[in-house]
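All remarks here apply to the structure that follows.
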Amino acid sequence: MDQLALLFVLLLGALVSVPVGDRFGLPAPVLMTLFGIVLAVADFVPNVNIPPELILPGLLPPLLYAAVRRTSWRQFTANKRPIFLLAVALVFVTTLCVAVVANTIVPGLPIAAALALGALVAPPDPVAATAVAGQLGLPRRLVSILEGEGLFNDVTAIVLYHVAIAAVVSGTFSPWRAGLDFLLSAVVAVVVGLVLGWGANKLMDVLGDATLQIGLTLIVPYASYVIAEELHGSGVLAVLTTALFIAEYATDADDVMTRLAGYTFWDIVDTLVTGVAFGLIGLELHNAIRTASGRWGELLGWAAAIVGVVVVVRLVWLLPATWLTKRLHARRDYDEEIPTSWRETIVMWWSGMRGVASVALALAIPLKTNDGSAFPDRDEIVFIAFGVIMATLVLQGLTLPWLVKRLGVRADIDREKEIEKELAVRAAKAARRRLKEIEQVEELPEDVTEQMLRRAFEIGFRISPDVVEDERREGHDKRMRRLKRLRRIQQEMLSAARHEVLAARSEPGADPEIVDRVLRHLDVRSLR
C-alpha cells in the first residue's frame, strides 16, 4: 500500500465511521483514531510521510471554519468569561504545571523544553470536543463553552509553544519579548482576519454564483492562515476572525441555494477532514513505538504522570472557575451561559480530549538547535505527548457517553422547544407584516389576501406546531393533511418529470448540459 492508497483508505474510513459510531453510540473521531492505530501496527501499511510543518496549515483551517459555521459571535460574547478562563488561563496553568512535573521527573530535561511539552499537550482539541459533545445531546451552553474553548485555546497554546521552542533553539529567553510577541501575534491575526473577511464578503457579491461563492469559502481559511503566519501572527486566530466575520456579515437571507449547498459542502468537508486528521493521529503511533524500544517502563511512567497532571489540573481548575463565574453571573444582570451543576462541570472536565494540534506540534519539534546540537530529549517529549493524546482521546472519548448517561446531563428539550416556538411566532408575524406592507401599495383580491394570511400562519406552524392553540389545531391539522397530500402528488409528478428528463440524457443527440440545466430547474422546484 502506498501513501495515496492510504489516504483513500482514511477517507473511506471517515465516511464509514459516522454510521458505525451512530449505531454503537461511539464518537466517530475516536473510532477513526482506533482505526489509525490498527493501520499503524499492520505490516503492509507504510509510515506516514507528511512534513510536520504542513499538518497544521493543511488540516486546521477547514476544521476551524466548519466549526465556526455552527456558532456565532453572540455565543462567544455570551461565554467570554468561561472561555477566557478555559482557553487562556487554563492553558497557561496547564503548561506551567506540566513543565514543572516534566522537568522534575525526566532527567536532564531543560525547563524551556518542558514548557514546550506543556504547551503542546495543554489545549483540548476543538474538533474532538465538539464532535463528541455534539452527538450526546448535551445542554447547548456546555457545547458552546466547549466550542469556544477548543477554538481559542489553540491560539494561546501555539504561541506559548513557539516561544518555548525558540528559547530552546536559540538558548535565550526574554519574558518581555515573549509577552510582546504574544500581543503582536494576536493583533496581526485579528487584522488579517478582518481584512480577508471583509474582502471575501465583497468578492462574494461579485461572484454571485453559489458554486463560486462556496469555492471561495474553501480558499479563504487557508489564505487567512498562511498570510497571518507569514506576518508572524497567529494563523488559528486569523482563521477564527475571518470565519466569524463571514458568518456574521456575508449571509443573504434570500440566498437559499447558496446556503443549502454551503451546508452540504461543509458537512462533507468536515466529515472527511476530521476523519483523516484523527486517522493520522492513530497512524503516528509507530513513532512512539520506535522511541519506546527497550524503554517501555520508564517512558510509560513519565507519560502516565503527565496524563495525571493534565487531567487533574483541569478538574482542580474547573471547580473554582465555575464557582467564580457563577458568582460573577449572580452580581450582574446578563444572560451568560454557564454550567449550572456539578454534573455539568464533571462532563466539561472529562471532555478535555487532546488531538490534531497536539500531534502536529509534537511532530514539528526541530531536530537540532542553532548550535548544531540535538534538540534535548525530543524523542521523550514526542512519546509523552502521544501518551497524553491517546489516553485522553481514546479513554475519555470512549467513556464520555457512559459518563453523560450516568450523570443524566441532557439538553433542556422543553426550553429548546420554547425557543423554537418563539422563533416560529416571530417568523409568522414578520410574514404578516410584509403582507400588510404589500397591501398598502398593491390592490389584492380578498381571496388572495385570505390565502396569503393562511400561508403566513403556516410558516410558523411548520416550524413549531405548538404555535397553534389546542382548539384551532384540529382544524389546522386537517388543512395540513390536505396540503401534504397535494404536495405528495406534486412530488410524484415532479419525480416522473425528472425520470423523463434523465432518460432523455441517454438518447442519441442529447446535450447533457441542457439536460442538466433542465434537471436543476426541476430540483429547485422540488425544494419549494
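Position 1 is the first residue of the sequence; numbering continues from there.
- Remark: side-chain polar atoms of T274 are not paired, donor with acceptor, to backbone N or O of T271 under 3.5 angstrom.
- When each of D22, V16, V18 is checked for a side chain to side chain contact (heavy atoms under 4.5 Å, CB included) with V20, only V16 meets the rule.
- Screening T33, V359, L120 for a side chain to side chain contact (heavy atoms under 4.5 Å, CB included) with I389, the sole residue that qualifies is V359.
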**OP:** Dump the intermediate steps for side-chain contact (heavy atoms from CB on, under 4.5 Å) on L400 and S351, then the final yes or no.
**Re:** CA-CA 7 Å; L400 184 60; S351 299; 3.6 Å; yes
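- Side-chain contact between T241 and V192 is absent, with no heavy-atom pair separated by less than 4.5 Å.
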| task | Start with the C-alpha gap between I246 and M204, add the side-chain angles, then the distance that decides, and say whether side-chain contact (heavy atoms from CB on, under 4.5 Å) holds. | result | CA-CA 10 Å; I246 293 176; M204 283 186 183; 4.2 Å; yes
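- Annotation: Y65 is in aromatic contact with W266 [ring centroid separation under 6.0 Å].
- When atom types are taken as modelled, the side chain of T242 and the backbone of P221 share no donor-acceptor pair closer than 3.5 angstrom.
- The shortest non-hydrogen separation linking A189 to L237 is CB-CB, 3.7 Å.
- Separation of atoms CD1 (I227) and CG (L196) is listed at 4.5 Å; rounding is to 0.5 Å.
- In this structure, E149 and P124 approach most closely via the heavy-atom pair OE2-CG, 3.5 Å.
- Within a 6.0 Å sphere centred on CD of E500, heavy atoms belonging to other residues, nucleotides or ligands number 12 at most.
- A donor-acceptor pair under 3.5 Å is formed between the side chain of Y161 and the backbone N or O of L361.
- Distance CD/Q213 to CG/L203: 9.0 Å, rounded to 0.5 Å.
- What you find for A14 and G275 is that their closest heavy atoms are CB-CA, 3.6 Å.
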One pair to check against side-chain contact (heavy atoms from CB on, under 4.5 Å): V9 and L39. What are the steps and the verdict? CA-CA 10 Å; V9 169; L39 293 176; 4.2 Å; yes
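- Counting all heavy atoms, side chain and backbone alike, G235 lies closest to A228 at CA-CB, 4.0 Å.
- The distance from atom CH2 of W349 to atom CD of Q396, rounded to the nearest 0.5 Å, is 7.5 Å.
- Annotation for R354 and T392: closest pair N-OG1, 3.2 Å, computed over non-hydrogen atoms.
- Between T217 and I214, the closest side-chain pair of non-hydrogen atoms falls below 4.5 Å.
- Contact of the L519 side chain with the R498 side chain is registered, since non-hydrogen atoms from C-beta on lie closer than 4.5 Å.
- T156 contributes no side-chain N or O that, together with a main-chain N or O of V91, makes up a donor-acceptor pair within less than 3.5 Å.
- In this structure a side-chain-to-backbone donor-acceptor pair under 3.5 Å is missing from S17 to L31.
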- Task: Report the C-alpha distance between L280 and L59 in whole Å, list the side-chain angles of each, state the deciding distance to 0.1 Å, and finish with yes or no for side-chain contact (heavy atoms from CB on, under 4.5 Å).
- Result: CA-CA 11 Å; L280 288 176; L59 296 177; 4.1 Å; yes
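- With a 4.5 Å cut-off on side-chain heavy atoms, V239 and L60 do not count as touching.
- The distance from atom CZ of F278 to atom CD1 of I37, rounded to the nearest 0.5 Å, is 12.5 Å.
- Atom CG of L398 is separated from atom CG of L403 by 13.0 Å, given to the nearest 0.5 angstrom.
- When side chains are defined from C-beta on, I281 counts as touching M390, because their heavy atoms get closer than 4.5 Å.
- Considering only heavy atoms from C-beta on, Y225 stays 4.5 Å or farther from L64 through its side chain.
- For the atom pair L240 CG and S234 OG, the distance stands at 8.0 Å (nearest 0.5 Å).
- Shortest non-hydrogen contact noted between P62 and V269 is CB-CG1, 4.0 Å.
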